[in-house]
Amino acid sequence: MQKADVVVVGGGIAGLTAAIYAAKAGKQALVIEKQNRLGGRAISNKKKGAYFNLGAHSLYQGDAYATFRELGLTLHGKRPSSFAYGVWKGKLNALPSDMKSLFTTPLLSWQGKMEFASCLMKVKKADTRPFDRMSIREWVEGNLRDPMVRNIFYSLLRAVCYVVGPDLPAAGPVLKQLQNALKGALYLDRGWGELVEELRSKASDLGVRLVTNAKVSSIDTRGGIVRQVICEDGTRIDSHHVILATSPSVAHELVPFAEKTALHTWKEQAIEVTAACLDVALKRLPEPKRQFAYGIDQTVLLSNYSRAANLSDDGAQVISLIKYQGKEPNPDKDLQELEGMLDLMQPGWREELIVKQYLPKMTVCHDFMHMKRHENPGPAVPEIQGLYVAGEWASHGEVLVDAATASAKRAVQHMLSLESQERNAFHEHRGII
Ligand SMILES: Cc1cc2nc3c(=O)[nH]c(=O)nc-3n(C[C@H](O)[C@H](O)[C@H](O)COP(=O)(O)OP(=O)(O)OC[C@H]3O[C@@H](n4cnc5c(N)ncnc54)[C@H](O)[C@@H]3O)c2cc1C
């Protein structure tokens, strides 16, 4: 029979972060990952010499960045220039990203330019928490008058949270994410896979046991206490602490009678966000100055990640395009729209193509802070002693990878504080005897 102080189910960013912090606190941690490699949605795949990220692309200056720095990761990469185009009615226009583009952009009237600049200044300094209970639409309509300024803000906010409609996301977390993005996003050399490798090696140095190709099939929680983790191949691991760093629906599936626990509420309230992703590696850019574009009247984003990060062995340019999807994704139409953006930004790109990858429906997040949410998930599952959740969906106000690292640390902290309460109670009891 195997044993561990804490078992982490899922070896994505949340699972690896949780295991590292548990190990740093002196716990014997075991990570079980069902895929044949660690990283979850933060892996990168190398194709014909070019690195394509599966999921995460930009590391903003939020919780994840601070966590990785605290752990001593090297985070090789650079911050790109903020110059961007905005696509409006099929045409490219400079977006206001500095003084020059603010004054020259044809998208805004003089009044609009003033309103845009003053609102951006306000956002940079704002305490965003008071906006946690209002939607993005409510915030935009309450703070901005000019219709085009509103459109540009919708497009900027969509780009940092990946949600198409402005009525669902709580404005506070998304504005915070915009603040973090405005401080400069980091594009990582050789993609996010390199960061995962650094996390893996950190975990391994701290003595974390990392098992891949092993699927957890259930958690034994008899008597409302975590007792064992059971894998599909029959392996059983004794442990009194389990962190479920999977999706809310997998967490629900793994726990017997989950419908009687908070896991049920968290699964039911979850709203999944998906995107269609097109990545291309080009021998050269037909239009070298066109590197980054937001769709203003379409929900597409294009970024040449090679403008700041080293993403190929031979100088190929790696461009990623994202189509933020609503309720009814249409793979063919989405691809047409993505290629249409590439035609507009880089006409002739097909002649320069080395390799491309189209992923028609990627889960960007399993849930986020939205207006229909009843409660923030985790860190503990209150009905079952020793059970915790982590993952980008267990957000308490953070967005995407920041929510993955923050929720992982919350889970470990909760576990440690419970243990210390139990120890204190035990000593008090002995004192009485
Ligand atoms: C297209 C796209 C673009 C993105 N861009 C950004 C960005 O620019 N910036 C940003 O901050 N974030 C971005 N994200 C989000 C980011 O990738 C995720 O938030 C983050 O990787 C989630 O990590 P996680 O550990 O919570 O989940 P995951 O990475 O999904 O990890 C969960 C792990 O659990 C494993 N698992 C599931 N069930 C079991 C089981 N039964 N037994 C064992 N293991 C199991 C899975 O295999 C997986 O490895 C993007 C995502 C996508 C898809």
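Read the numbers this way: they start at 1 and go in the same order the structure lists the ligands and their atoms. What you are looking at is a predicted structure, and each value in this text was computed from that prediction instead of being measured.
- Heavy atoms of other residues, nucleotides or ligands lying less than 6.0 angstrom from CZ of R37 number more than 12.
- At the shortest separation from atom 19 (O) of ligand 1 among protein heavy atoms lies E392 CB, 3.4 Å.
- When only non-hydrogen protein atoms are considered, atom 25 (O) of ligand 1 lies nearest to A14 N, 2.9 Å.
- Within 6.0 Å of CD on E287 lie more than 12 heavy atoms contributed by other residues, nucleotides or ligands.
- Residues F368 and P169 form a side-chain contact, since some pair of their non-hydrogen atoms from C-beta on lies under 4.5 Å apart.
- Taking 4.0 Å as the cut-off between side-chain N and carboxylate O, D279 and K47 do not count as a salt-bridged pair.
- Side-chain contact check for H241 and E419: at least one donor-acceptor pair (N or O, by modelled atom type) lies under 3.5 Å.
- Protein heavy atom at the shortest distance from atom 34 (O) of ligand 1 is G10 CA, 3.3 Å.
- In this structure, Q317 CD and Q346 CD are separated by 9.0 Å, a value rounded to the nearest 0.5 Å.
- Under the 4.0 angstrom criterion for non-hydrogen atoms, W192 is not in contact with ligand 1.
- At a heavy-atom cutoff of 4.0 Å, ligand 1 is contacted by the backbone of I32 but not by its side chain.
- Which parts of ligand 1 touch A214 is read off a 4.0 Å heavy-atom cut-off, strictly below it: atoms 43 (C).
- Nearest to atom 32 (C) of ligand 1 by heavy atom, out of A245, G62, G391, S247, is A245.
- Counting all heavy atoms, side chain and backbone alike, Q357 lies closest to N53 at NE2-O, 4.4 Å.
- V250 CG1, 3.6 Å is the protein heavy atom nearest to atom 38 (N) of ligand 1.
- Some N or O of H57 is nearer than 3.5 Å to an N or O of ligand 1, by distance alone.
- Distances between N or O atoms of K34 and those of ligand 1 include at least one value under 3.5 Å.
- Remark: R307 qualifies as a cation-pi partner of F292 under the 6.0 Å distance and 45° angle criteria applied to the six-membered ring.
- Contacts of A56 with ligand 1, taken as heavy-atom pairs under 4.0 Å, involve both backbone and side chain.
- The shell of residues lying under 4.0 angstrom from ligand 1, judged by heavy atoms, excludes C231.
- Close approach to M362 involves these atoms of ligand 1, each under 4.0 Å from a residue heavy atom: 53 (C).
- Taking the six-membered ring for Trp and the full ring otherwise, the centers of Y305 and H57 sit less than 6.0 Å from each other.
- Contacts of Y162 with ligand 1, taken as heavy-atom pairs under 4.0 Å, involve the side chain alone.
- In terms of protein heavy atoms, atom 42 (N) of ligand 1 is closest to V216 N, 3.0 Å.
- Close approach of ligand 1 to G40 is summarised as follows: ligand atoms under 4.0 Å from at least one heavy atom of the residue are 29 (O), 48 (C), 49 (O).
- Atom 12 (N) of ligand 1 has L400 CB, 3.3 Å as its closest protein atom, hydrogens excluded (heavy atom only).
- A cation-pi arrangement is present between R79 and Y65, with the terminal nitrogen or guanidinium carbon under 6.0 Å from the aromatic centre and inside a 45° cone about the axis.
- Under 4.0 angstrom from ligand 1, there are no non-hydrogen atoms of S217.
- If you number the atoms of ligand 1 from 1 as listed, the ones under 4.0 Å from a heavy atom of K215 come out as 41 (N), 42 (N).
- Between H366 and ligand 1, not a single N/O pair is under 3.5 Å apart.
- Judged by distance alone, the side chain of D402 and the main-chain N or O of A404 form no donor-acceptor pair under 3.5 Å.
- Nearest heavy atoms, M369 versus S395: CG-OG, 4.0 Å.
- The distance from ligand 1 to the heavy atoms of V9 drops below 4.0 Å at these ligand atoms: 42 (N), 43 (C).
- By the 4.0 Å N-to-carboxylate-O rule, D343 lies close enough to R350 to be salt-bridged with it.
- Remark: ligand 1 and I13 share an N or O pair separated by less than 3.5 Å (distance only, no angle test).
- In terms of N/O distances under 3.5 Å, ligand 1 is not approached by G15.
- Distance from atom 47 (O) of ligand 1 to its nearest protein heavy atom, with residue and atom name: E33 OE2, 2.7 Å.
- In terms of protein heavy atoms, atom 27 (O) of ligand 1 is closest to R41 NH2, 3.1 Å.
- Within a 6.0 Å radius of CZ in R69, more than 12 heavy atoms belonging to other residues, nucleotides or ligands are found.
- Residue contacts with ligand 1 include C277, since one of its heavy atoms falls under 4.0 Å from the ligand.
- In this structure, A170 and D132 approach most closely via the heavy-atom pair CB-O, 3.2 Å.
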